[in-house]
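Note sheet for the following structure.
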Number of protein chains: 2
Amino acid sequence: MPKHEYSCDCPIIHHEKVESVQKKMLQDPDFAQVTAFFKVLGDNTRLRILWALDQEELCVCDIASVLSMTKSAVSHQLGTLRRANLVKCRREGKTVFYTLADHHVRQILEAGLEHIKEEA
Amino acid sequence: MPKHEYSCDCPIIHHEKVESVQKKMLQDPDFAQVTAFFKVLGDNTRLRILWALDQEELCVCDIASVLSMTKSAVSHQLGTLRRANLVKCRREGKTVFYTLADHHVRQILEAGLEHIKEEA
DNA sequence: AAAACAGTTGAGTGATTGTTCAACTGTATT
DNA sequence: AATACAGTTGAACAATCACTCAACTGTTTT
């Protein structure tokens, strides 16, 4: 029986387990997508923006006022949220209004909140 | 009626909205906790570790083998996951076995996966 | 007691990232 | 057409962070 090749610095202790788990792992791109999704939520500013938009549709100035931040900083983060498909926007004259992309975002936000409340 | 003080570079456009949303915002520590939680999930290595542990209880060497990483790198991330209460561990002789802290972690993982599948 | 092994930990480093600053769109007003 | 305003964007800087390396526990074996 041939030795297996390991690309880590460990002799494998539970070989069967490792093989079995390896089969059940997701594809790299899938992991990357899920990671990217959580990464977007893992920032204080973006989370507060999403929470604010969960209450009401708001323009960039409104959000900046709620968070006490500059328009520029907020706009950068809104860009990130847009690219991640977590928010939508519509222009009305000079003003751009933002809303949550869908109800799904709302659910995850509340799930996160529930999680930390349960911990306490 | 007195002018309001703004700590951003914007004249507020929708004043009533801003006040109303501001009241509904969470306390800073609450946001910080939720952010920290998502931040832990927002890393490729940690997510893969959690996914692996979702399949089976594993020791550090096993995890390192599954991910093709060094024990040290994995151990560092396990430390982060432990501090965030996402995993538990038990020692058995020289070996330390890790498991998910609770079913709640499992749920959030799967919620994240469903989210990205719906997007496609 | 000494060697071997599973795992942890601290310092250092390179990469990522959030905010600022300044310049820039695009739309509306005068 | 010129000014003003809402918003965007790129470069630069500071802070954060994941991995490496080396030294270290703690447990078992000989």
Side-chain angles (χ1 to χ4, degrees), chain A residues 6-15 17-18 31-32 35-36 38-50 53 57-84 87-99, chain B residues 6-15 17-18 31-32 35-36 38-50 57-84 87-98:
Chain A
Y6 310 126
S7 32
C8 80
D9 60 349
C10 314
I12 293 185
I13 304 198
H14 308 92
H15 190 204
K17 276 191 181 182
V18 171
F31 275 122
T35 299
F38 284 128
K39 198 173 287 195
V40 173
L41 296 178
D43 173 80
N44 209 275
T45 300
R46 288 192 292 269
L47 204 72
R48 277 150 68 221
I49 291 176
L50 291 173
L53 294 179
E57 181 186 60
L58 295 170
C59 71
V60 179
C61 265
D62 291 341
I63 299 171
S65 297
V66 170
L67 304 192
S68 300
M69 291 178 64
T70 62
K71 279 179 298 185
S72 176
V74 168
S75 184
H76 273 296
Q77 298 299 8
L78 284 170
T80 301
L81 292 169
R82 248 188 288 118
R83 266 170 260 125
V87 300
K88 283 181 305 190
C89 63
R90 68 180 177 87
R91 179 173 269 263
E92 191 172 291
K94 286 185 286 187
T95 311
V96 178
F97 289 97
Y98 280 85
T99 50
Chain B
Y6 309 125
S7 32
C8 81
D9 61 348
C10 315
I12 293 183
I13 304 197
H14 309 90
H15 190 205
K17 276 190 182 182
V18 171
F31 275 121
T35 299
F38 284 128
K39 198 172 287 194
V40 173
L41 297 177
D43 174 81
N44 209 275
T45 299
R46 287 193 292 268
L47 205 71
R48 278 151 66 220
I49 292 177
L50 291 174
E57 180 186 59
L58 295 170
C59 72
V60 179
C61 265
D62 292 342
I63 299 171
S65 298
V66 170
L67 305 192
S68 298
M69 292 178 63
T70 63
K71 279 180 296 184
S72 176
V74 168
S75 184
H76 274 295
Q77 298 299 6
L78 285 170
T80 302
L81 291 169
R82 248 188 288 117
R83 267 170 260 125
V87 300
K88 282 181 305 189
C89 63
R90 68 179 177 87
R91 180 173 269 265
E92 192 174 292
K94 285 186 286 187
T95 311
V96 178
F97 289 97
Y98 280 85

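Everything quoted here is computed from the prediction, not taken from an experiment.
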- Residues at least two apart in sequence or cross-chain that pass side-chain contact (heavy atoms from CB on, under 4.5 Å) with A/K39, listed by chain then number, are A/T35
- Touch check for A/F97, heavy atoms < 4.0 angstrom, all strands: base, sugar-phosphate only, or nothing? nothing
- Worked check of side-chain contact (heavy atoms from CB on, under 4.5 Å) between B/F97 and A/H14: CA-CA 11 Å; B/F97 289 97; A/H14 308 92; 3.4 Å; yes
- Message: What is the distance, to the nearest angstrom, from the CG atom on B/N44 to the P atom on C/dA15?
- Response: 18 Å
- Task: Take the protein atom CZ of A/R90 and the nucleotide atom C1' of D/dG7, then report the distance between them rounded to whole Å.
- Result: 15 Å
- Query: Taking atom P of C/dA4 as reference, at what distance in whole Å does atom NZ of B/K71 sit?
  - Reply: 14 Å
- Item | Helical bend (five base pairs per end, nearest 10°) for the helix from C/dA1-D/dT30 to C/dT30-D/dA1 | 10°
- Message: Can you list everything that forms a side-chain contact (heavy atoms from CB on, under 4.5 Å) with A/V60? Sequence neighbours excluded, please.
- Response: A/K71, A/V74, A/L78, A/Y98
- Task: Could you tell me the separation between the CD1 atom of A/I13 and the C1' atom of C/dC5, rounded to a whole number of Å?
- Result: 9 Å
Protein-nucleotides 24-30 of chain D N/O pairs closer than 3.5 Å?
none

- Query: Separation of A/L78 atom CG from D/dA6 atom P, in whole Å?
  - Reply: 16 Å
- Task: Check the distance between C/dG7's P and B/I63's CD1 and give it to me in whole angstrom.
- Result: 8 Å
Enumerate, atom names and distances included, each donor-acceptor pair closer than 3.5 Å involving a side-chain atom of residues 87-94 of chain A, sequence neighbours excluded.
residue : atom : partner : partner atom : Å
A/R90   : NE   : A/E57   : OE2          : 2.8
A/R90   : NH1  : A/E92   : OE1          : 2.6
A/R90   : NH2  : A/E57   : OE1          : 2.9
A/R90   : NH2  : A/E57   : OE2          : 3.4
A/R91   : NH1  : A/G93   : O            : 3.1

- Could you point out which residue of B/R83, B/R82, B/H76 forms a side-chain contact (heavy atoms from CB on, under 4.5 Å) with B/T80? B/R83
- Reading nucleotides 17-22 of chain C from 5' to 3' and marking B where a protein heavy atom lies under 4.0 Å of the base, S where only the sugar-phosphate is that close, and - otherwise, the string is SSBBBB
